[in-house]
Amino acid sequence: QVQLVESGGGLAQPGESLRLSCAASRSIVSINSMGWHRQVPGKPREFVALLTHDGWTNYADSVKGRFTISRDNAKNTVLLQMNSLAPEDTAIYYCKADSQGRLYWGQGTQVTVSS
């Protein structure tokens, strides 16, 4: 099992940056992939970014070039650097881990982009 705890959300103005962190309860080295999704109330949860255990990354078109996913294996943490934030990035951001065929989710962290 893996417990995931997100942090780093908050309020940002358009054009600003935020960095989200996802702390795992155990080593992430052996986890197949970790990623971020986001959800706006009333809409389906959508994919944002993915990082596999061997370093391959994938991004939603809407965030490509603005968001960067990375990991710190020593801290069992996955990061999402979000630059050039826009109001449409406002959502609850969830961390996800895919380990041995099982999916684990964090509780989410709110990101609000507004002037």
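Along the sequence shown, the residues carry numbers beginning at 1. Values in this document were obtained by computation on a predicted structure and should not be read as measured data.
The CZ atom of Arg102 sits 13.0 Å away from the CG atom of Asn32 when rounded to the nearest 0.5 Å. Interatomic distance, Arg19 CZ to Leu80 CG, rounded to the nearest 0.5 Å: 10.5 Å. Separating the CG atom in Asn76 from the CZ atom in Arg71 is a distance of 11.5 Å, to the nearest 0.5 Å. Remark: Ile28 CD1 to Lys75 NZ distance equals 12.0 Å, nearest 0.5 Å. The NZ atom of Lys96 lies 11.0 Å from the CG atom of Leu4; values are rounded to the nearest 0.5 Å. The CD atom of Gln81 lies 12.0 Å from the CZ atom of Arg66; values are rounded to the nearest 0.5 Å.
In the model, Ser17 has a side-chain atom that pairs as donor or acceptor with a side-chain atom of Asn83 under 3.5 Å.
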*Before giving the answer on side-chain hydrogen bond (donor to acceptor under 3.5 Å, both in side chains), spell out for Arg26 and Ser99 the whole-Å C-alpha distance, their side-chain angles and the decisive distance to 0.1 Å.*
CA-CA 11 Å; Arg26 65 169 179 84; Ser99 179; 2.9 Å; yes
*Would His53 and Ser33 satisfy side-chain contact (heavy atoms from CB on, under 4.5 Å), going step by step from the backbone distance to the final call?*
CA-CA 6 Å; His53 70 92; Ser33 68; over 6 Å; no
*Can you check side-chain contact (heavy atoms from CB on, under 4.5 Å) on Leu20 and Leu79, steps first, answer last?*
CA-CA 6 Å; Leu20 304 184; Leu79 306 171; over 6 Å; no
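For CD of Gln100, the number of neighbouring non-hydrogen atoms (other residues, nucleotides, ligands) closer than 6.0 Å is 12 at most.
Nearest heavy atoms, Leu85 versus Ala12: CD1-CB, 3.9 Å. Here the shortest heavy-atom pairing between Gln39 and Lys43 reads NE2-O, 3.0 Å. The minimum heavy-atom distance between Met34 and Cys22, with the atom names listed, is CE-SG, 4.1 Å. Here the closest non-hydrogen pair linking Ala91 and Val40 is CB-CG2, 3.9 Å. Here the closest non-hydrogen pair linking Thr77 and Ser21 is CG2-CB, 4.1 Å.
At a threshold of 4.5 Å between side-chain heavy atoms, the hydrophobic network of Ile, Leu, Val, Met, Phe, Trp and Tyr places Leu51 and Tyr59 in one connected group. One hydrophobic cluster, built from ILVMFWY side chains closer than 4.5 Å, holds both Val78 and Tyr104. The hydrophobic clustering, which links ILVMFWY residues whose side-chain heavy atoms are closer than 4.5 Å, places Leu50 and Leu103 apart.
The cationic group of Arg45 lies under 6.0 Å from the six-membered ring centre of Tyr94 and within 45° of the ring axis, placing it in a cation-pi geometry.
Thr90 places a side-chain N or O within donor-acceptor distance of the main-chain N or O of Val113, the cut-off being under 3.5 Å. With hydrogens and angles disregarded, no donor-acceptor distance shorter than 3.5 Å links the side chain of Gln107 to the backbone of Glu6.
Ring-plane geometry between Phe67 and Tyr93 is classed as tilted, the angle between the planes lying from 30 to 60 degrees on a 0 to 90 degree scale.
Between Trp105 and His37 there is a side-chain heavy-atom pair separated by less than 4.5 Å. Side-chain atoms of Pro87 and Ser114, non-hydrogen and from C-beta on, never get closer than 4.5 Å to each other. Side-chain contact between Ile92 and Thr109 is absent, with no heavy-atom pair separated by less than 4.5 Å. Within the 4.5 Å cutoff, the side chain of Arg38 has heavy atoms near those of the Asp89 side chain.
When each of Asn58, Ile69, Val63 is tested with Val48 by the rule side chain to side chain contact (heavy atoms under 4.5 Å, CB included), just one qualifies, namely Val63.
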